[in-house]
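As structure tokens, the structure follows; a few thoughts come after it.
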Amino acid sequence: MSDEPQPQQPHPGWAKREPQAAGDGRTGQPGAPGTPGTAEKAKKPKRPKRTGWRRLIPTWRIALSTVVVGLLLIVGGFFLGYHLVQIPAANALATKQSNVYLYADGSVLARDGEVNRESVSLARISKDAQHAVLAAEDRDFYTESAIDPMAMVRAGWNTATGKGKQSGSTITQQYVKNYYLAQEQTVTRKVKEFFISIKLDREKSKNEILEGYLNTSFFGRGAYGIQAAAQAYFGVDAKDLTAAQGAYLASLLNAPSQYDVVAHPENRPAAEARWNYVMNGMVDKGWLSASDRAAAKFPKPKQSTVSTGMSGQRGYVVNIVKKYLIENGIVDEEELGRGGYRITTTLQKDKQDAFVKAVDDKLMSQLDKKERKVDSYVRAGGASVDPKTGKVVAMYNGIDYVKQYTPNAVRRDFQVGSTFKPFVFTSAVENHSETQSGQTIDPNTRYDGTSERPVQGWTGGRYAPENEDHRDYGHVTVREATDKSINAVYAQMAVDVGSDKVKQTAIDLGLSKNTPELTPSPSIALGVATASPLDMAEAYATLANHGRHGTYTFVEKVMKDGKQEVELPERREHQAVSREAADTTTSVLRSVVQNGTATAAQAAGRPAAGKTGTAEEDTAAWFAGYTPDLATVVAVMGQDPKTAAHKPLYGAMGLARINGGGAPAEIWGQYTRNALEGEPVSDFDLQLQDGADVTAPPSGDASDEPGDGDESGSGEADEDATGDEDGSGSATPGDSGSSTPPGDGGGTESDPPSTGGGTPSTGGPSTEPGPTGGGDSGGDDSSNGGTGPGDGDTDGAGGGDTGTGFPGIPVTPGRQ
């Protein structure tokens, strides 16, 4: 080994490299002769590797590739999402509406359903209200696309930087959220909203989208949709909203509860600022003139009212109208349950209010449930019908639907009593009936009015009804017998006419053929049938309309979703009984009001006709009457609030008994006077049966004292009663007394009205109250008392005892 230093091998990466001269002759070195690519390599030196932080920065090639791939993914994702996301069915909340029930004048009577919404067409929303919402929410709605990406970015930035939660959504997007999706704030929901909005914009017009938005938005106070909001805040329909009102409602969309200046008066400055923003926006867009803007004032919303729901008369009316719609095939029950119907009823608000007030004044205010248990049994029901149209203009069903559920105007479980007697006489005239002795029955025909006198000509068994308080009247005319409601006369008349014919006449006039206890027998005359006040009002309306009958109706118009009008059945009217029969009955019933048991009805201050009635054992008292313009029936009923059993009303209101000439006739008088206030007074235009235009002189019988009742008896005469045990009476039932010769066969019955008020008899009953006692003896005009009953009553029909005597003959006929 040499002592000379050996050359060190260079260490890669740190030894200093000397530059080599070009062409130094070394083979394999750059520039060496014979090395391929020497010239090219000399021109492109090797790029040094990136070190440190520079390695984190992507190259332009990577960046470009990323952008291209990203765009491809976005475009692909868009097309994939567009095709995968379909427009779904509307969510349940968006389609759920209430049914709105209106009075005949268009004012709201009641709403049913869980959601306070009433969808309306865009045409039924004022242009000012439409423009106000656009100014508040989306001023370029008609010119922009379904989505606004810049607004979405801006809203996201404002939310992220603490400037408040903002949606950045167009009206289309908000409508999609309201109508098709839920309200949760999730990425999935926003993605769906995005794609559905784009599709919807292609499939629906801008007007359709705006209409849907206005019908689904929440405005506070439980109001969904602008129609419900217009009613909730201003008590008007959406079509009547002014620019100022519309701007206030549009302001609510931003913060419904906070901008309600009634609920939060402390927030009025913020609400006014928002309102000004909307109003100014309307001016900017040319939707409101500067002069109108300057004149506009911040509107004052009405006080927020607690939802009354179905309280008062509302619940009764809603259920009755629903049943009417379903039973008449107007609306299917399932469809009605889905809501969206706007139902204009025939009820007139002023008359409805007058009916309620009359019942309160003449009956409910005189009850004292704490002092008198019987007062807790008192119920009232009534119905009022326009005779010319058959429209039900008012009803009374009970003190409050949420306390007493049974609708008293339509219930069929109380005897109608002697309010049925006019149908017997109508049938007699209609059928040209004769007495047993062959005399034509007219108002002047005389009958034996002896109490408990067995009826003649009835083959079903012995039947001898007693008059009220066993009173004997001797021979009386039919007019007198009607004035005094004499049972003996009308039971005989029913047999003379034929009880089957009497039944048919009652049905022709308007009673349902399915009326309970409407059976052909002598007792039919005394009102053992249990028709409803509405049934009786319909029948009496036929008499008032000169014998022409048209089925009653509750509904004027039905609209679905504010667009489609539902077809209503055509009302048919026909001559149910001859005009002569109806008008002659009216002549007789006028005398009842003028001289008989119903003089309290003179309080109406108009020509009137009517009849009182009392059910067996005083469980119900009735008055059915009419003027030429209005037929109304009122019933006061007794029912145990816990068991629903029928109860006598002896002692109610502090009186010995309740009778048809008392509270029912008084209610009728006050109601009719107020209901027809301001309308011209009409007189009856009557075409009478031959001889009926002249009144025969009254009976001079000593026992013929003023009375106003009739008595339901045992159905069988006592041994000492008038008439032999074989059923033959001592007097001929058809004994016809003399009468003034008939006039020209027509004309108007014009007896001078009585000037007295109240009932003919001022005293109480002449017998102690009991199962066979009581009738329409005089009631007093006492007033003032405690509050009405408030117990909830149970639906059910517990009737009075009815029993039977001879086969087919009930022995509990109704009283006067």
Side-chain angles (χ1 to χ4, degrees), residues 98-112 118 231 235 237 308-328 330-331 336 341-360 380-402 404 406-411 510 532-538 540-541 544 550-559 565-566 568-569 571 626-627 629-635 667-668 670-679:
S98 59
N99 292 317
V100 183
Y101 297 82
L102 309 173
Y103 286 107
D105 64 1
S107 58
V108 176
L109 189 159
R111 295 176 186 270
D112 72 340
E118 180 189 353
Q231 286 288 342
D237 287 330
T308 53
M310 295 291 107
S311 64
Q313 298 296 307
R314 294 177 180 85
Y316 301 119
V317 171
V318 166
N319 285 338
I320 291 171
V321 173
K322 275 184 178 180
K323 184 177 181 181
Y324 175 84
L325 292 171
I326 295 168
E327 289 185 348
N328 285 276
I330 299 171
V331 180
L336 193 61
Y341 286 92
R342 185 180 180 89
I343 301 154
T344 303
T345 70
T346 57
L347 298 179
Q348 298 178 19
K349 190 175 189 306
D350 58 339
K351 292 181 173 61
Q352 183 71 22
D353 292 344
F355 212 150
V356 173
K357 188 175 190 307
V359 174
D360 288 345
S384 189
V385 176
D386 183 334
K388 298 179 179 65
T389 64
K391 295 177 180 178
V392 180
V393 297
M395 285 190 295
Y396 186 90
N397 283 282
I399 58 168
D400 193 329
Y401 177 72
V402 300
Q404 296 176 4
T406 303
N408 295 326
V410 295
R411 66 189 300 173
S532 71
L534 179 59
D535 294 334
M536 297 299 288
E538 183 181 352
Y540 272 71
T551 54
Y552 68 84
T553 177
F554 286 110
V555 177
E556 290 268 20
K557 186 177 182 181
V558 178
M559 296 288 290
E565 185 169 351
V566 178
L568 298 178
R571 181 175 183 267
Y626 52 94
T627 70
D629 305 303
L630 200 59
T632 306
V633 174
V634 179
I667 291 169
W668 188 95
Q670 178 178 316
Y671 161 71
T672 302
R673 181 183 67 248
N674 294 334
L676 296 177
E677 185 176 6
E679 297 185 19

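FYI, side chains are in, hydrogens and waters are out, and symmetry mates aren't considered; it's all heavy atoms of this structure.
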For this session: Could you walk me through whether V558 and L568 pass side chain to side chain contact (heavy atoms under 4.5 Å, CB included), step by step?
Result: CA-CA 8 Å; V558 178; L568 298 178; 3.9 Å; yes
Closest non-hydrogen atom pair, [X] against [Y]:
{"X": "A537", "Y": "A631", "value": "O-CB, 4.0 Å"}
{"X": "A675", "Y": "L630", "value": "CB-CD2, 4.0 Å"}
{"X": "Q348", "Y": "Y103", "value": "C-CD2, 4.2 Å"}
{"X": "L534", "Y": "V410", "value": "CD2-CG1, 3.9 Å"}
{"X": "V359", "Y": "I667", "value": "CG2-CG2, 3.9 Å"}
{"X": "P533", "Y": "V633", "value": "O-CB, 3.7 Å"}

Exercise. Do K349 and D353 meet the salt-bridge criterion of a basic N to acidic O distance under 4.0 Å?
Worked result: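 Yes, D353 and K349 are salt-bridged.
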For this session: Show the numbers, then the answer: is there a side chain to side chain donor-acceptor pair (under 3.5 Å) between N319 and Y401?
Result: CA-CA 10 Å; N319 285 338; Y401 177 72; 2.7 Å; yes
For this session: For side chain to side chain donor-acceptor pair (under 3.5 Å), just list the numbers for D105 and S107, CA-CA rounded to whole Å, side-chain angles, deciding distance to a tenth of an Å, and then say yes or no.
Result: CA-CA 6 Å; D105 64 1; S107 58; 2.7 Å; yes
Exercise. Do D360 and K357 pass the side chain to side chain contact (heavy atoms under 4.5 Å, CB included) test, and can you show the C-alpha distance, the side-chain angles, and the key distance before you say yes or no?
Worked result: CA-CA 5 Å; D360 288 345; K357 188 175 190 307; 5.5 Å; no
For this session: Determine, stepwise, if the pair V321 / F554 fulfils side chain to side chain contact (heavy atoms under 4.5 Å, CB included).
Result: CA-CA 7 Å; V321 173; F554 286 110; 4.3 Å; yes
Please examine the side chains of [Y] and [X], heavy atoms only from C-beta on, and report whether any two atoms are closer than 4.5 Å.
{"X": "R111", "Y": "N99", "result": "no"}
{"X": "V331", "Y": "I326", "result": "no"}
{"X": "L347", "Y": "L109", "result": "yes"}
{"X": "Y540", "Y": "M536", "result": "yes"}
{"X": "T627", "Y": "L676", "result": "yes"}

Between atom [atom1] of [X] and atom [atom2] of [Y], what is the distance when rounded to the nearest 0.5 Å?
{"X": "K323", "Y": "L325", "atom1": "NZ", "atom2": "CG", "answer": "12.5 Å"}
{"X": "D535", "Y": "R411", "atom1": "CG", "atom2": "CZ", "answer": "13.0 Å"}
{"X": "I330", "Y": "T553", "atom1": "CD1", "atom2": "OG1", "answer": "6.5 Å"}
{"X": "T344", "Y": "M559", "atom1": "OG1", "atom2": "CE", "answer": "9.0 Å"}
{"X": "Q352", "Y": "T345", "atom1": "CD", "atom2": "OG1", "answer": "8.5 Å"}

Could you tabulate the donor-acceptor pairs under 3.5 Å formed by side-chain atoms of residues 389-399, not counting sequence neighbours?
unit_1 : atom_1 : unit_2 : atom_2 : d
T389   : OG1    : K391   : N      : 3.2
K391   : NZ     : E556   : OE1    : 3.3
K391   : NZ     : E556   : OE2    : 3.0
Y396   : OH     : G398   : O      : 3.4
N397   : OD1    : A409   : N      : 3.1

For this session: Could you check T632 against Y626 for side chain to side chain donor-acceptor pair (under 3.5 Å), going step by step and ending with a plain yes or no?
Result: CA-CA 6 Å; T632 306; Y626 52 94; over 6 Å; no
Exercise. What residues, two or more places apart in sequence or in another chain, satisfy side chain to side chain contact (heavy atoms under 4.5 Å, CB included) together with V318?
Worked result: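 Side chain to side chain contact (heavy atoms under 4.5 Å, CB included) check on V318 returns Y101, A110, D112, M310, K322.
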Problem set entry | D386/D629 under side chain to side chain contact (heavy atoms under 4.5 Å, CB included): CA gap, chis, key distance, verdict | CA-CA 6 Å; D386 183 334; D629 305 303; over 6 Å; no
For this session: Test R342 against D237 for salt bridge (Lys or Arg N to Asp or Glu O under 4.0 Å), laying out the working first.
Result: CA-CA 12 Å; R342 185 180 180 89; D237 287 330; 3.5 Å; yes
For this session: Mind telling me whether Y552 and Y324 have parallel, tilted or perpendicular rings, with 30° and 60° as the class edges?
Result: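 Tilted.
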For this session: Mark yes when over 12 heavy atoms from residues, nucleotides or ligands other than K388 sit less than 6.0 Å from its NZ; otherwise mark no.
Result: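 Check passes, neighbour count above 12.
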